Asker: 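Structure provided below as structure tokens; questions to follow.
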Amino acid sequence: MKKLPLGYFAVQSDFENASKNTFTYKGETFEVKEGENLFGNIKDAVEAAADASAPAEVICNLPYESFSAPVLLFSGGRHNVDAFDRIKILNSVVMLGEKAGINPNMPSSERKDMPALNPERGEGESILVGHYWYGKIFVEGPDCECFIMDGFLSAGVRFKDVRKTGGKFRFESKNIIHEGRCGWEHNQYNFVPAAADSELDRDILIKNIRIIKFPDLDYGGAFALLNVHKAELDNICFEGSGQLIGFTNLTGSYSNCSQFDTTEITLKNSYIANASGENGISFSTIGAEDRAFNATISNCTVIDASRKDAPVINPYFTSEKHTLTVSDCLIADTRGNSSAAIAVTGCSNGVEIENTTVQGFASDSHTVAPPPVCVPEYIDTSADETNGEDTHKILKNADFSALDKHYEGTKAYYGDQHVHTKCGGTSDGSFPMADWPQEMDNIGLDFAIIVDHRQMRGFFLPEWNEERFLMGNEPSARILELNAAVEGYHNIHYNMLVPNKYGLAMIFANFPEFEFRGDELNGSHKYPPFTKERFMELTQFIQSIGGMMVHPHPKTMMSSTDPLDFYYGEHMFLETLYETFESNFSFKNYQLWTELLALGKHVYASGGSDTHRRPSNAVVSTFYTKERRDSVFFEQMRKGDFTVGCVGMKMFIDGNPMGSELEYKDGMVLTLRVDDFFSRQWKENTAYELRIYSDEGLVYKSLYDGTKPQAIALETKKRRFYRAEVFDLTHGYRVAVGNPIWLDK
């Protein structure tokens, strides 16, 4: 029996019951040695291959002339990608499954028909099995020059190159069948943007890919986020998913331009159908006006690959150096689409459409939405009526005195409403609580709500700072008996915010299912499941002792088509902006919040970075108070009179600020002041848009540059609520969301 040649490493499924001295791959059996070149898990095999040389020969008729890195051979069967956190790729490596070299897609005779599954696939697959929290294969080593995956069925596993620096890097993913939900990262392939001065030179090939059973659980995840020097996607079969195709995020703020002078992305010979992600096929060149970007889509069939009445191809081009060529394609919408198939934001001079058939759209040509060129310092209040779908009278000589008196003596304070520290016990943050105040000063953060898991320990430590810290706790629960949640995705986290050090003790005493054990410094509790009825009782109790219930990152752990599955009582808080203003989470959470408002629910918006590392100012909220004090911030939040985001808002309707509930009366006036843009989030050469909404839609919008105070007054109508927000039009995301004033009491 031939020994497995040097440079090859065997990864055996069902290791406990398999032979420890032989390994069979593609029908050929080799002599191996456990712990030397035979392993029962991926992590150990990757580590063993780190110092090895590439094989000197190609075995088993593999379709490779040679290898430039050590090779891992995977047997048929399940291989768990469940090492804590991730599988780390630090050195060049090649991973080959049993079906390496076998294309899963069989061409169809009719262009509109989905390619069939190759009968050579399906049986005997090497299956990479992921998990919601894990299932990650991350390239982290700066010296990694090559990573190849070929011939797997990948179930719930995702790939990410997290490096910002490095050298030349070749990535190949070939002959892969992807299925399953994509878990915490929510993107199948993700290449983090390189540093501006980096020599990290990514050249990628994603070829012969089949995506099946791939719901995105309404996260807004993408098949691929591409920030690479050169990318070729060839023969991608993508059918029946809510997942975005890519190649930017929901807000279009993830730039596809690499740090090199020219970036090239090609999608060819592919079939994409029934993919209802928000942006369809999207490219973005934000922040790269001085660099060339060339995208090509050729010989592709694209059917019903967007939301209804939305374009399929959505480039955001910021320069004439950015081009898109669509050639020899069929783009169809069987639902009857009122949009154009291709919608360009920005510069369209470089868009060419050649020999392409467009069916079922309102326009055969592409539409263009140019970005604003001249941005005024002040919003426009010169018209008599507002310019939204719900028109209102603009008041020219309004009286702002009541608004100004209410906020007299206050100043803008900026805080993070969701953080984790390192304070011992069961806390899982990595930055010591004692070091937080100094670092908060360094980044302009005035306060933070600390919600370390399973404990109340932090409140009783000498480093607890009553000027800077607010108290809370973040448990997890499986919510039972929901309306439309996807099975297996009923879990939520929830932040219980309390006004004093013994608030959590009161909760645990009245809800014994937490099974709290120990004292205030060393005690901890379990994460109990709840029926929705019992959980709403928990919300009501927390509110009865002066606390608040927050549903943080609602779209990350639960999936449901019913907004009410995310609702746990009136005056709860929903984390509307999360991690960053431009994240998919913020986009989806905001969408959920507006759906709940439309259903008549009185739900406050909140936000936070959820940092487990250093303090962050990525998602600040703006509070107007007279002093920097935990109790003052807490009371302001409980009232809902604050802005989630980096722009201060003061809004009044007849003496009632944001968060108020009152009865509508004729003659009411809405007054709004917008000011105190958080300097570390303000951007030059950016168009900001102030928007005012009622429950009947957009009332008012106007551009301004974010540098000067703004003011507007409107005559109200009989509406259920009014609210305001600020949108960054240049970069495509909300930077501030004000809480509503409700008029339906």
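Not measured: the values here are computed from a predicted model.
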Asker: Keeping the roles fixed (side chain from Asn584, backbone from Gly220), state whether a donor-acceptor pair exists under 3.5 Å.
Answerer: yes
Asker: With the threshold set at 4.0 Å, does a side-chain nitrogen-carboxylate oxygen contact exist between Lys555 and Asp218?
Answerer: yes
Asker: With respect to Glu140, which candidate in Arg86, Lys160, Arg163 satisfies the side chain to side chain donor-acceptor pair (under 3.5 Å) definition?
Answerer: Arg86
Asker: How about Asp261: does its CG atom have over 12 heavy atoms from other parts shown lying under 6.0 Å from it?
Answerer: no
Asker: Centroid separation under 6.0 Å, is that true for the rings of Phe159 and Phe191?
Answerer: yes
Asker: Quick check: does any side chain N or O of Arg121 sit under 3.5 Å from a backbone N or O of Ile102, one acting as donor and the other as acceptor?
Answerer: yes
Asker: Does Phe74 offer a backbone N or O that forms a donor-acceptor pair with the side chain of Ser126 under 3.5 Å?
Answerer: yes
Asker: When rounded to the nearest 0.5 angstrom, what is the spacing between NZ in Lys88 and CD1 in Ile137?
Answerer: 14.5 Å
Asker: Going by an N to O cut-off under 4.0 Å, is there a salt bridge joining Lys268 and Glu232?
Answerer: yes
Asker: Please state whether the rings of Tyr733 and His731 are parallel, tilted or perpendicular, taking 30° and 60° as the class boundaries.
Answerer: tilted
Asker: As an exercise, state the distance from OG of Ser586 to NE2 of His553, rounded to the nearest 0.5 Å.
Answerer: 12.5 Å
Asker: Could you tell me the separation between the SG atom of Cys146 and the NZ atom of Lys168, rounded to the nearest 0.5 Å?
Answerer: 13.5 Å
Asker: Rounded at 0.5 Å granularity, tell me how far OG1 in Thr263 sits from NZ in Lys321.
Answerer: 12.0 Å
Asker: Taking atom CG of Asp290 as the centre, report whether more than 12 heavy atoms of other residues, nucleotides or ligands fall under 6.0 Å from it.
Answerer: yes
Asker: Can you find a pair of side-chain heavy atoms, one from Ile303 and one from Thr334, that are under 4.5 Å apart?
Answerer: yes
Asker: Would you call Phe223 and Ile206 a side-chain contact if the rule is heavy atoms closer than 4.5 Å?
Answerer: yes
Asker: Can you find a pair of side-chain heavy atoms, one from Trp133 and one from Met557, that are under 4.5 Å apart?
Answerer: yes
Asker: Side chains of Asp328 and Asn299: is there a donor and an acceptor less than 3.5 Å apart?
Answerer: no
Asker: Mark yes or no for whether Ser319, through its side chain, and Glu289, through its backbone, hold a donor-acceptor pair below 3.5 Å.
Answerer: yes
Asker: Mind listing the closest non-hydrogen atom pair of Ala48 and Phe39 along with its distance?
Answerer: CB-CZ, 3.3 Å
Asker: Atom CZ of residue position Arg613 - does it have more than 12 heavy atoms of other residues, nucleotides or ligands inside 6.0 Å?
Answerer: no
Asker: For Ser75 and Ser13, does a side-chain donor sit closer than 3.5 Å to a side-chain acceptor?
Answerer: yes
Asker: I would like to know whether Phe293 and Ile265 meet side chain to side chain contact (heavy atoms under 4.5 Å, CB included); could you show each step before the answer?
Answerer: CA-CA 8 Å; Phe293 175 81; Ile265 295 177; 3.7 Å; yes
Asker: Could you walk me through whether Asn249 and Ser253 pass side chain to side chain donor-acceptor pair (under 3.5 Å), step by step?
Answerer: CA-CA 7 Å; Asn249 59 357; Ser253 57; 3.2 Å; yes
Asker: Let me confirm one number: the CG-NE2 distance from Leu128 to His79, rounded to the nearest 0.5 Å.
Answerer: 7.0 Å
Asker: Among Ile281, Leu233, Asn279, Ile236, exactly one meets side chain to side chain contact (heavy atoms under 4.5 Å, CB included) together with Ile245. Which residue is that?
Answerer: Ile281
Asker: Looking at side-chain heavy atoms only, is the closest gap between Phe587 and Glu582 below 4.5 Å?
Answerer: no
Asker: Working to the nearest 0.5 angstrom, can you tell me the gap between Asn175 CG and Phe152 CZ?
Answerer: 11.0 Å
Asker: Examine the side chains of Thr285 and Thr318 and answer whether a donor and an acceptor come within less than 3.5 Å of each other.
Answerer: yes
Asker: Quick one: do the Thr323 and Asn294 side chains pair a donor with an acceptor below 3.5 Å?
Answerer: yes
Asker: Atom CD of residue position Glu31 - does it have more than 12 heavy atoms of other residues, nucleotides or ligands inside 6.0 Å?
Answerer: yes
Asker: Phe283 and ring pair (Phe, Tyr, Trp, His ring centres under 6.0 Å): which partner among Phe247, Tyr254, Tyr316, Phe317?
Answerer: Phe247
Asker: Are more than 12 heavy atoms, taken from residues, nucleotides or ligands other than Lys683, located less than 6.0 Å from that residue's NZ atom?
Answerer: yes
Asker: Are the side chains of Lys99 and Glu120 in touch, meaning some heavy atoms are under 4.5 Å apart?
Answerer: no
Asker: How about Val344 and Pro315: do any of their side-chain heavy atoms sit closer than 4.5 Å?
Answerer: yes
Asker: Would you say that more than 12 heavy atoms from the other residues, nucleotides or ligands in this model lie under 6.0 Å from the NZ of Lys164, or not?
Answerer: no
Asker: Given 3.5 Å as the limit, does a donor-acceptor pair link the side chain of Lys26 with the main chain of Ala100, or not?
Answerer: yes
Asker: Could you check whether any side-chain N or O of His322 sits under 3.5 Å from a backbone N or O of Asn349, counting only pairs where one atom can act as donor and the other as acceptor?
Answerer: no
Asker: Grab the two heavy atoms, one from Pro55 and one from Ala69, that are nearest each other, plus how far apart they are.
Answerer: CD-O, 3.4 Å
Asker: Is there a donor-acceptor pair under 3.5 Å between the side chain of Asn235 and the backbone N or O of Lys207?
Answerer: no
Asker: Please lay out, stage by stage, how Val312 and Ile272 fare under the test side chain to side chain contact (heavy atoms under 4.5 Å, CB included).
Answerer: CA-CA 11 Å; Val312 170; Ile272 300 168; over 6 Å; no
Asker: Of all the heavy-atom pairs spanning Pro70 and Phe9, show the shortest one and how long it is.
Answerer: CB-CE1, 4.2 Å
Asker: State, with a plain yes or no, whether a side-chain heavy atom of Leu73 is found less than 4.5 Å away from one of Ile59.
Answerer: yes
Asker: Count the heavy atoms belonging to other residues, nucleotides or ligands that lie under 6.0 Å from CD of Glu354, then report whether that count exceeds 12.
Answerer: yes
Asker: Between Asp234, Asn105, Asn208, which is the residue that forms a side chain to side chain donor-acceptor pair (under 3.5 Å) with Asn269?
Answerer: Asp234
Asker: Report yes or no: does Asp14 contribute a side-chain atom to a donor-acceptor pair with the main-chain N or O of Ala18 at less than 3.5 Å?
Answerer: no
Asker: In terms of the angle between their ring planes, are Tyr64 and Phe67 parallel, tilted or perpendicular, with boundaries placed at 30° and 60°?
Answerer: tilted
Asker: Measure from NZ or CZ of Lys112 to the centre of the six-membered ring of Tyr271 and say whether it is under 6.0 Å with the direction within 45° of the ring axis.
Answerer: no
Asker: Got a donor-acceptor contact below 3.5 angstrom from the Arg158 side chain to the Gly156 backbone?
Answerer: yes
Asker: Are any of the side-chain heavy atoms of Phe238 and Ile209 separated by less than 4.5 Å?
Answerer: no
Asker: After noting the C-alpha distance and the side-chain angles of Ile331 and Ile313, does the key distance pass the side chain to side chain contact (heavy atoms under 4.5 Å, CB included) rule?
Answerer: CA-CA 10 Å; Ile331 306 174; Ile313 302 174; 3.9 Å; yes
Asker: Could you walk me through whether Gln12 and Glu34 pass side chain to side chain contact (heavy atoms under 4.5 Å, CB included), step by step?
Answerer: CA-CA 10 Å; Gln12 177 65 57; Glu34 180 183 357; over 6 Å; no
Asker: Within the supplied structure, the quantity of interest is the number of heavy atoms (other residues, nucleotides, ligands) at a distance under 6.0 Å from Arg111 CZ; does it exceed 12?
Answerer: yes
Asker: Any donor-acceptor pair under 3.5 Å linking the side chain of Asn227 with the backbone of Cys257?
Answerer: yes
Asker: Before accepting this row, confirm whether a basic side-chain N of the pair Glu57/Lys2 lies closer than 4.0 Å to the acidic partner's carboxylate O.
Answerer: yes
Asker: How far apart are the closest heavy atoms of Asn187 and Ala222, and which atoms are they?
Answerer: OD1-N, 2.8 Å
